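Structure first, commentary second.
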Amino acid sequence: MPNEKPEKPANFIRNIITEDLKHGKNDGRVHTRFPPEPNGYLHIGHAKAICLNFGIAEEFGGKCNLRFDDTNPTKEEEEYVRSIIEDVHWLGFDWEDRLFYASDYFEKMYEYAEQLIKKGKAFVCDLNAEEVRQYRGTLTEPGKESPYRNRSVEENLDLFRRMRAGEFPDGTRTLRAKIDMSHPNLNMRDPVMYRILHANHHRTGDKWCIYPMYDWAHGLEDSIEGITHSLCTLEFEDHRPLYDWFLEQLDVHHPQQIEFARLNLSYTIMSKRKLLELVRDGYVDGWDDPRMPTISGLRRRGYTPESIRYFSDLIGVAKRDSVVDIAMLEYCIREDLNKNAPRRMAVLKPLKVVITNYPEGKEEDLDAINNPEDASAGTRKVPFSRVLYIEQDDFREDPPKKFFRLAPGREVRLRYAYFIKCVDVVKDENTGEIKELHCTYDPATRGGDAPDGRKVKATLHWVSAMHAVDAEVRLYDRLFSVPDPGADKEKDYKEFINPNSLEILENCKLEPSLSNAKVSENYQFERLGYFCVDSKYSSAEKLVFNRTVSLKDTWAKIKKAMAEEARKKKK
RNA sequence: UGGGGAGUCGUCCAAUGGCAGGACAUACGGCUCUGGACCGUAUAAUCGGGGUUCGAAUCCCUGCUCCCCAGCCA
């Protein structure tokens, strides 16, 4: 990831390019592009495509363009352009001066269209949408030719120019390619090239009222930019014959389209439509909600660009539909943060501990290691005093088997501090709720080691009460409670939203050095997980942290297994 | 039932006629001032049936399963 792991495994796209290069295709050039439509925020699936396209270019000494495929003004917005630029850049890729827009080519595309008309390969069709559908035929039956198919070149040219001039209302006419209405591939049955749309475009304004369709536009965009390998997802496989047909008719530079399988991730959805719905209808807190699989959501959650690029390398590229286990993504961020995130102590669910034999009013600073994986990260001072907080989960009055942590009469270590022994449990008289613990400490164990060599089975994190910084901490779980929320044909995916995907903890206690944590810094809260300052809600008055991902938790597994066993016994 | 694709450990990806390998996940052990990290071990796959070949995940035939396509979306 960050440093090592240079060798990327082979994949079929790389093999094709290597072969092309061997045969001197494209004069040895490799030029790719990432062509998003600005109609939504980028997600982890796009990250795969971005890493693929930019990665391939880099690997073969080529270039990769960032190009907005903005051919549908009714769905596209400036905000999406802005976010996409930000996200691709944040992922760590550079398109230099090659930021392009399909809309910049509208004039050129129009000229090409007239060329096709003049060649008798395109015609203006007066059928409406419903009629076009009827004429298209079905999967198993051929279509019928449009009655307008055999207009003269002159009439087509005249009509097409008048379409451009705005003489006709939306939907009344289209420009269509003249191919074959009985072609077994539906895309080849005289596909629409232009539709009339009197809509304001985010870049060209009201200049155009006809807009090119994807199939017509995309190959031209690639061709104009001198793209050599046009990588896209599997659903465009059926469109490749059309992509090729247009470029052949025009006799222009002809990139090679190669399709790969889009990314699916377990316990989440990747459909832009559904993601938009979650945002629009308030199921989540915007596109950058930390539970969203969007790049901006992952960023706010605390994922690093490195971890996402590493993930992209790990999952590989192939043509078969697949669902990557979300555990793979979590592995990638842990792998990165374990090496790079400074450690801190934070208590999420505080339980008060009074060290009864520690002098009142005494304070001392203890040395704590910032990152055991990185000696250069150094150490810091952590204040200790008579009253502390530990995690509620770290104490059990009646400890089960395999529970190593604090219990009445038991001795544990406070990390970087002292051994303490629990001598008393103070409870609320009425509720029986544990209010605080009374412990004694062994002054000889200062720093965390016993001179007599005695061992403890657990080390707990802690925070000095009088020095603690208050914070809110947000714990996230997977957004959906089933592995494939989109799979059920009976039920709507929203029924599978995990009601516990967000848990807000209000009363958290942090070690004081965390008070000046900045957005985009990642920390490990020892024994808990990786956390970062929330870019949206955190402020000087109120610190808010997000949990990026928990640490691997062996104890949680043991607990789960024990519960499972108990359940079985009952049966 | 037309066309286009795809089937390899639970998951993802390799092996391009020559010992089916890696990663994640899982289980167990070691180590540990994070029940983290790290180290080690184990479990675990070529969709089925034929054929070609000294040798097949790979080539051929055949069957099965899954995905995509009937937007004036991309």
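Note on naming: letters A, B, ... go to the chains in the order of the sequence lines (proteins, then strands), and numbering restarts at 1 for each one. This is a predicted model, so every value here is computed, not measured. We use all heavy atoms of the structure for the numbers below, so side chains are in, but hydrogens, waters and symmetry mates are not.
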Nearest-Å distance once atom C1' is located in both B:U34 and B:C38:
13 Å
Would the A:Tyr331 and A:Phe311 ring centres measure less than 6.0 Å apart?
no
Is the A:Phe236-A:Tyr214 ring centre distance short of 6.0 angstrom?
yes
Mate of B:U26 across any strand shown (Watson-Crick or G-U wobble, both atom pairs under 3.5 Å) is B:A42
For nucleotides 63-74 of chain B, read 5' to 3', which letter fits each nucleotide if B means a protein heavy atom sits under 4.0 Å from the base, S means only the sugar-phosphate is that close, and - means neither?
----SBBBSBSB
Strictly by Watson-Crick or wobble contacts shorter than 3.5 Å, is anything paired with B:G17, and which nucleotide is it?
none
Partner nucleotide of B:G2 by Watson-Crick or wobble geometry (both distances under 3.5 Å):
B:C69
Does A:Tyr418 have its ring centroid less than 6.0 Å away from the ring centroid of A:Phe384?
yes
Got a sec, which residues hit side-chain hydrogen bond (donor to acceptor under 3.5 Å, both in side chains) with A:Lys272, two or more places apart in sequence or on another chain?
A:Asn39
For A:Lys402, which contact category applies under a 4.0 Å heavy-atom criterion: base, sugar-phosphate, or nothing?
base
Heavy-atom nearest nucleotide on RNA chain B taken for A:Glu141 and for A:Phe525; more 5' hit belongs to A:Glu141
Contact class for A:Phe403 vs. all strands (heavy atom < 4.0 Å): base, sugar-phosphate, or nothing?
base
chi for B:G36 classified (syn = within 90 degrees of 0, anti otherwise) as anti
Rounded distance in Å between the P positions of B:G22 and B:G40
12 Å
Answer yes when A:Arg454 and A:Asp442 have at least one side-chain N-carboxylate O distance shorter than 4.0 Å, and no when they do not.
yes
Verify side-chain contact (heavy atoms from CB on, under 4.5 Å) between A:His461 and A:Val347, making sure each step is shown before the conclusion.
CA-CA 7 Å; A:His461 60 277; A:Val347 175; 4.0 Å; yes
Answer yes or no: side-chain N or O of A:Arg405 and base N or O of B:G35 forming a donor-acceptor pair under 3.5 Å.
yes
Contact class for A:Tyr211 vs. all strands (heavy atom < 4.0 Å): base, sugar-phosphate, or nothing?
nothing
Want to settle it: does A:Ala10 or A:Arg240 sit nearer the 5' end of RNA chain B, counting the closest nucleotide to each?
A:Arg240
Write down the distance separating the C1' atoms in B:A23 and B:U62, rounded off to the nearest Å.
36 Å
I'd like to know whether the aromatic ring centres of A:Tyr389 and A:Trp462 sit less than 6.0 Å apart in this structure.
no
Sticking with atom P, work out how far B:A20 lies from B:U43, rounded to a whole angstrom.
16 Å
Should B:G63 form a Watson-Crick or G-U wobble pair with both distances under 3.5 Å, which nucleotide is its partner?
B:C47
Provide the distance between the two P atoms, one in B:C73 and one in B:C66, to the nearest whole Å.
32 Å
